[in-house]
Amino acid sequence: MPNEMNWVDIDSITPYDKNPRKNDDAVEPVANSIREFGFNQPIVVDYNNIIVVGHTRHKAAISLGMETVPIFKLPKDMEENKIKAYRIADNRVSEFAEWDDDVLIEELKALQADDYDIDMSGFGEDFILSHSEAEADRYTKKIDTPVYTPKGIEPELMHL
């Protein structure tokens, strides 16, 4: 039977003391996301309730005063080295993805058109403005060719 997500007392799980991820700057945006969208991605813990994946969500839940959080418990027989590798890989693999800025801007503008606060997406008006300025800089500016009009002495025209 596959493991299931369960809600547990927040004090029953423990952060991994050697978590290599520095996540303090991400806590507030994650807390805002949980507040806006709900706690839809569980914290993954090992069989001893030590956090494997979800340290930032855990800190965000604490900052929100939550008493319970959703967890997914890894199988008891999962090897410790595999757990360590998963802990690192989960954070690292997302760094290989890139944004398609044109599609992202389109989606953000659609949210704005519906009067949705795009700051909740982690991107704001500044991102759209900076992208618009960058887009404008991609093209050569139109230059008007100067027109010279002789003043004073008119040159003689040669007849052929």
Side-chain angles (χ1 to χ4, degrees), residues 1-140:
M1 179 167 147
N3 291 350
E4 296 178 4
M5 185 183 84
N6 295 299
W7 285 79
V8 299
D9 186 301
I10 197 166
D11 294 329
S12 71
I13 62 175
T14 306
Y16 180 61
D17 62 354
K18 294 182 183 177
N19 181 32
R21 194 75 166 167
K22 297 177 182 180
N23 59 5
D24 288 342
D25 290 343
V27 172
E28 184 179 350
V30 170
N32 290 338
S33 177
I34 291 170
R35 188 181 301 111
E36 178 72 9
F37 308 116
F39 210 129
N40 298 310
Q41 190 173 12
I43 296 169
V44 178
V45 298
D46 67 12
Y47 197 74
N48 296 311
N49 283 352
I50 297 173
I51 297 174
V52 177
V53 174
H55 287 85
T56 309
R57 290 188 296 279
H58 180 254
K59 286 181 180 181
I62 291 170
S63 77
L64 292 170
M66 295 179 71
E67 294 179 10
T68 60
V69 291
I71 66 160
F72 177 85
K73 189 174 278 200
L74 295 175
K76 184 177 184 175
D77 61 349
M78 190 168 187
E79 296 173 16
E80 186 62 31
N81 281 342
K82 196 170 190 175
I83 292 171
K84 284 183 181 189
Y86 174 40
R87 183 178 285 120
I88 294 168
D90 183 72
N91 284 295
R92 178 68 172 148
V93 296
S94 67
E95 296 174 11
F96 295 111
E98 296 180 16
W99 290 98
D100 181 330
D101 286 346
D102 294 334
V103 174
L104 176 58
I105 294 295
E106 182 181 327
E107 289 290 294
L108 292 171
K109 285 182 177 180
L111 288 169
Q112 279 184 320
D114 289 337
D115 291 326
Y116 191 82
D117 180 8
I118 63 169
D119 287 336
M120 295 311 300
S121 69
F123 293 93
E125 184 69 31
D126 291 345
F127 178 79
I128 293 175
L129 291 174
S130 68
H131 182 271
S132 298
E133 291 168 7
E135 182 70 19
D137 289 343
R138 284 183 13 185
Y139 302 99
T140 305

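Heavy-atom basis, side chains included; hydrogens, waters and symmetry copies ignored.
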For residues 45-53, which side-chain donor-acceptor pairs fall under 3.5 Å, sequence neighbours excluded?
| residue | atom | partner | partner atom | Å |
| --- | --- | --- | --- | --- |
| D46 | OD1 | N48 | N | 2.8 |
| D46 | OD1 | N49 | N | 3.1 |
| D46 | OD1 | I50 | N | 2.9 |
| N49 | OD1 | K73 | NZ | 2.9 |
| N49 | ND2 | S12 | O | 3.3 |

Item to check | Atom pair NZ (K18) and CZ (R87), whose distance is rounded to the nearest 0.5 Å | outcome: 10.5 Å
Checklist entry - Which pair of heavy atoms, one from H55 and one from Y16, lies closest together, and at what distance? => result NE2-N, 3.0 Å
Checklist entry - Rounded to the nearest 0.5 Å, what separation is found between the OG atom of S121 and the CG atom of L104? => result 7.5 Å
Item to check | Intermediate values then yes/no, side-chain contact (heavy atoms from CB on, under 4.5 Å), L111 and M120 | outcome: CA-CA 11 Å; L111 288 169; M120 295 311 300; over 6 Å; no
Next on the checklist: The criterion is side-chain contact (heavy atoms from CB on, under 4.5 Å); which residues satisfy it with A26, sequence neighbours excluded?
Outcome noted: T56
Checklist entry - How many angstroms lie between CZ in R35 and OG in S63, if you round to the nearest 0.5 Å? => result 7.0 Å
Checklist entry - Closest heavy-atom contact between G124 and I118? => result C-CD1, 3.6 Å
Item to check | Qualifying salt bridge (charged side-chain N to carboxylate O under 4.0 Å, His left out) pairs, either residue in residues 105-128, two or more places apart | outcome: none
Checklist entry - Out of curiosity, H58 NE2 to I43 CD1, how far, rounded to the nearest 0.5 Å? => result 6.0 Å
Checklist entry - To the nearest 0.5 Å, how far apart are CD1 in I83 and CD1 in I88? => result 12.5 Å
Next on the checklist: Can you tell me which residue among I62, I10, L64 is in a side-chain contact (heavy atoms from CB on, under 4.5 Å) with V69?
Outcome noted: I10
Next on the checklist: Going by salt bridge (charged side-chain N to carboxylate O under 4.0 Å, His left out), name the pairs with one or both residues in residues 21-32, residues two or more places apart or in two chains.
Outcome noted: R21-E95, D24-K59
Item to check | Pairs involving residues 104-124, ordered by first then second residue, that meet ring pair (Phe, Tyr, Trp, His ring centres under 6.0 Å) (sequence neighbours left out) | outcome: W99-F123, F123-F127
Checklist outcome for this item: Taken to the nearest 0.5 Å, the spacing of L74 CG from E79 CD works out to 12.5 Å
Next on the checklist: Among residues at least two apart in sequence or on other chains, which ones pass side-chain contact (heavy atoms from CB on, under 4.5 Å) with P70?
Outcome noted: M5, W7, F39, P42
